[in-house]
Structures are given as structure tokens and as C-alpha cells.
Amino acid sequence: MSSSNLAAPQRFLTGITTTGTPHLGNFVGSIRPSVAASRLSGVQSFYFLADYHALIKCGEPERIQRSTLEIAASWLAAGLDPERVMFYRQSDIPEITELTWLLTCVTGKGALNRAHAYKAAVDKNDAAGNDPDADVTAGLFMYPVLMAADILMFKSHKVPVGRDQIQHIEMARDIAQRFNHLYGEHFVLPEAVVEESVALLPGLDGRKMSKSYDNTIPLFTPREQLRKLIAGIVTDSRAPGEPKDTEGSALFQIYQAFASEPETAALRQAYADGIGWGDAKQMLFERIDQEVAPMRERYQELISHPQAIEQLLQAGAAKAREVATPFMGEVRRAVGLRALNAQAAPAAKAKSHKAAAPAFKQYREKDGLFYFKLMDAQARLLLQSQGFESPREAALTMSRLQKEGVAALAELKDQVQLAPGISEDDVAAALMDSAAAAAL
Ligand code: TRP
């Protein structure tokens, strides 16, 4: 790697869906590490309010507006510096939806069928004996493509996300790769960053803190409300004086996410010494409040001035569009949405790509039968067919491979074989390249 590459800033991008009120789990898992990362040198951060994504899950306009305000105010109160960071609202960047369509046209429907969120909805319907797509919107189905547009628009290298989102980043990567194959190198291939060290915060009932479990502690709930909520954290029935287990204690894990190491060690000791649950809850309450109180004040101030936040977001959108507008122009031209008198600049590149691409070859042998084979760009044999009675049969089998990819090999095992030393992955890559070249 050249030194100029090393010096180039790494772009980090992440979005938060605007459907809820930020809770302690969001703070520990996302807001706090994002703000810390945005202060590193050599990093350019993009943080945005994913309100288009919110529409997929939420049909309540007031809630979406309120959540957008609350999440924006939370990030700012937690120390996000909008001068340093690209901070914007997704729906203020019309190029995102525009790019979504171009990406949709290079996304395999089969890949979307396999997306976890969609599949979970279908499985649930199946289990209930409903139509598989009952109550499933096309928005849910297209979710990964919209997310790919978010990521690819700003050529992000790294995408910090929770485990549940890894598949989406992989899909964005596949979509980018496919587009680049077809139209030249326009997109950066993103990588997911999953912070192993960032704790998954348990909620009031001990399960992962999540709005869907209704077990959250809102980040900026008033002090007395915070005390009440903490009093409701589940514990076991051990009396004061009895030693307590830190293992599996939601209270302990939440404390650990806010405390220093010596503080955590002290609580561990107190557990062993039989601290009463009431006292332990008091300690947790004071520790969280100590960290949150100054932010809570800033939050209250921010949230009571929505106009100021609106201006900030508008300024952020203007900055983001300085990148998005010209890039969208580039991508539109690449796919052929361009002025009729424009030169087709990328075509030269496309042609050379085609010349070097893997290819199917059809031929007839002395036995009178019709064959085909797949060769890679270096003329290495990848696939070899059996003999077919007619050229049409050979062509149909070949086109099935072109359309369905390696997935078709299992069913075609009597007609087509991998060449010695060739793996299905080699063939998958070659099929993709040959499809790309054919499309140019
Ligand atoms: N889908 C993400 C979530 O639910 C939010 C999101 C939307 C996102 N677009 C993104 C995250 C782009 C990272 C990058 O958590």
C-alpha cells in the first residue's frame, strides 16, 4: 500500500432509524462509540438519521418527526460536533432514493429473498398458516437496497453496526461489486465493523434492551423517573447479607457499561459481600445519573429549540449533497442516463473488460454431438458439458447457467462438470464476469 493510501482518511458511516426514543442501550452500543470514533484523526464520519428506513416500520408521522428530533438532539447532547462530522437526515438527500433505483436494477431478487428481516417475516407467516407475503410491504423487501444506497453514496469504507446488520453490509458490498463489474469502478466496497467490546446492554427484564421488548430505560428520562425505572430491574430473591452472583446480573452488566474498572471491581466485591439489591440499585442509579445529567441538560435545551436543530440538519444536508450531487451525476452517466450529445467515455474501459472476460464456447465434436465449455479470461477450462443431441439443448443448458449461476450446477450435474482443480467459487466469479461483459 502506498503512503498516500495510508494517509487518506477512512470514511465511517452509520445511520439510526428514527422510530423511537434513544435509550441507554442505544447510547452504550451506538451513540457513545460513534461520538468517540468521530474524534479520531484520520477518520471522516458520516452519521445520519435514517427516516426513509423508519417509514418501513412505522406508519405514525408524528412519531417519526418526534423521533428524528430526539435522536438528533441525543447525538448532539452526547458531544457530536457537526462541524467535524457529516450529520444529516437521509430524506434531505434526494440522490439517495435516486441511487436506490439504479442499485435495484443490479440487485438479484433472490438475494433479497434471502435477507434476514424479510425471511423472518415470511417464516412467521408460514408458521401462522398465512400467505407467505401477508402484511409484508415491498419497502421491507427493498430495505437492503436503500441501505446500500446510504453506504455507497458516500464511498464509505467502514460501517459500524450491530451484529444483526452484518448481512446488510455484505449485500451492499455485493451490489457494489456487481455495479462495478457492469459499469466500471464507481463504488468503494464497504466493510462492517462490529465492536466486540461494546456491550449489548440488558434491559429491565434481563433480555437485550430493545424497544421491541418494551424493557428500555430512556437515555434522557428525568432523574426521578430514572430512579424508578432502575428500581424495576429484575434481580433474584437473595436477601441482604447473602452473596450475589455478578454472572447473569442485568444490574451488574449495566453498571459495568458506565463505570471505570476500579468501580466495577468495587461492585463485584460488594456483590460477594452480600450488598442488598436496594443499595446496589442506588449505586447504579447514581453512577448513570452522574454521566447522563450534564448531557440531559444539553438535551433539554436542544430539544426545546427544534428550529436550531432543523437549521443544523439543513446545513449538514447541503454539505452532504456537495458530495452526493456530482457523484450521482457520474453514476447516471455511467449507466447511460446522459445527454444525447455526451461522449460515452467509459465504453473504452468496458470493451477491454469484455475482451478479458471469461466466456462460454459452443462446438460440435466428431461424435456428432453438441458441447459447450466455460473458459476463464486466461483460457483455463472451468466447466465442461456432456454431449447434447441438438445445439438447442446445449444452448438452453448454457443459458440456464448464465441466468441462475452456480446454484444451477447441482441440478445439472449430469450435463455439466467442473474441470479438475476448479471450485464452484471459481465458476461463480467467472459467471458473474461473463454476465457483466455480456451486458456491456
Ligand atoms: N438499518 C440500520 C438499523 O436498523 C439503520 C441504517 C440505515 C444504517 N441505513 C444505514 C446503518 C446505513 C448503517 C449504514 O440499525
Side-chain angles (χ1 to χ4, degrees), residues 10-23 25-35 37-38 43-58 63-64 67-68 71-72 74-75 80 85-93 95-97 99-100 103-104 107 112 115-121 137 139-176 187-195 198 200-201 208-213 216 316-317 320 323-324:
Q10 285 278 308
R11 284 182 296 273
F12 278 65
L13 173 142
T14 200
I16 298 197
T17 308
T18 55
T19 44
T21 297
H23 54 68
N26 298 139
F27 177 68
V28 168
S30 163
I31 300 175
R32 190 171 65 183
S34 303
V35 172
S38 74
V43 167
Q44 192 186 4
S45 301
F46 295 76
Y47 296 141
F48 69 96
L49 303 152
D51 55 348
Y52 279 140
H53 278 97
L55 296 179
I56 293 170
K57 309 183 193 168
C58 173
R63 183 140 84 123
I64 288 185
S67 171
T68 304
I71 293 176
S74 298
W75 275 9
L80 188 90
V85 170
M86 288 278 201
F87 185 50
Y88 55 93
R89 174 171 47 199
Q90 186 185 30
S91 66
D92 286 334
I93 320 287
E95 289 84 358
I96 303 247
T97 38
L99 181 58
T100 301
L103 299 180
T104 300
T107 302
L112 296 179
H116 298 320
Y118 170 70
K119 242 175 59 186
T137 65
L140 178 67
F141 190 67
M142 295 300 298
Y143 189 112
V145 188
L146 177 59
M147 188 157 156
D150 292 332
I151 296 168
L152 301 180
M153 178 64 86
F154 296 103
K155 298 194 164 109
S156 328
H157 302 100
K158 301 276 157 91
V159 187
V161 283
R163 303 210 136 276
D164 60 322
Q165 296 291 318
I166 295 177
Q167 188 195 33
H168 290 146
I169 315 304
E170 282 167 358
M171 292 173 86
R173 207 181 153 84
D174 290 346
I175 294 170
F187 295 124
V188 166
L189 306 187
E191 270 172 57
V193 188
V194 180
E195 265 298 350
V198 169
L200 261 190
L201 212 65
K208 173 190 167 196
M209 189 179 287
S210 162
K211 203 171 31 123
S212 38
Y213 294 144
T216 65
V323 179

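Residue numbers run from 1 in the order of the sequence given. Atoms within each ligand, like the ligands themselves, are counted from 1 in listed order.
Looking only at distances, a side-chain donor or acceptor of R63 sits under 3.5 Å from a matching main-chain atom of T19. Between the Q167 side chain and the H116 main chain, a donor and an acceptor come within less than 3.5 Å of each other. At distances below 3.5 Å, not a single donor-acceptor pair connects side-chain atoms of T100 with backbone N or O atoms of L146.
With hydrogens and angles left out, the side-chain atoms of S210 and S212 include a donor and acceptor closer than 3.5 Å.
Between F87 and Y47, the distance from one ring center to the other does not fall under 6.0 angstrom. Note: F48 and F154 fail the aromatic proximity criterion, with ring centroids not under 6.0 Å apart.
Within 4.0 Å of ligand 1, contacts by protein heavy atoms are made from L13, T14, G15, T17, F48, A50, H53, Y143, M147, D150, I151, V159, V161, Q165.
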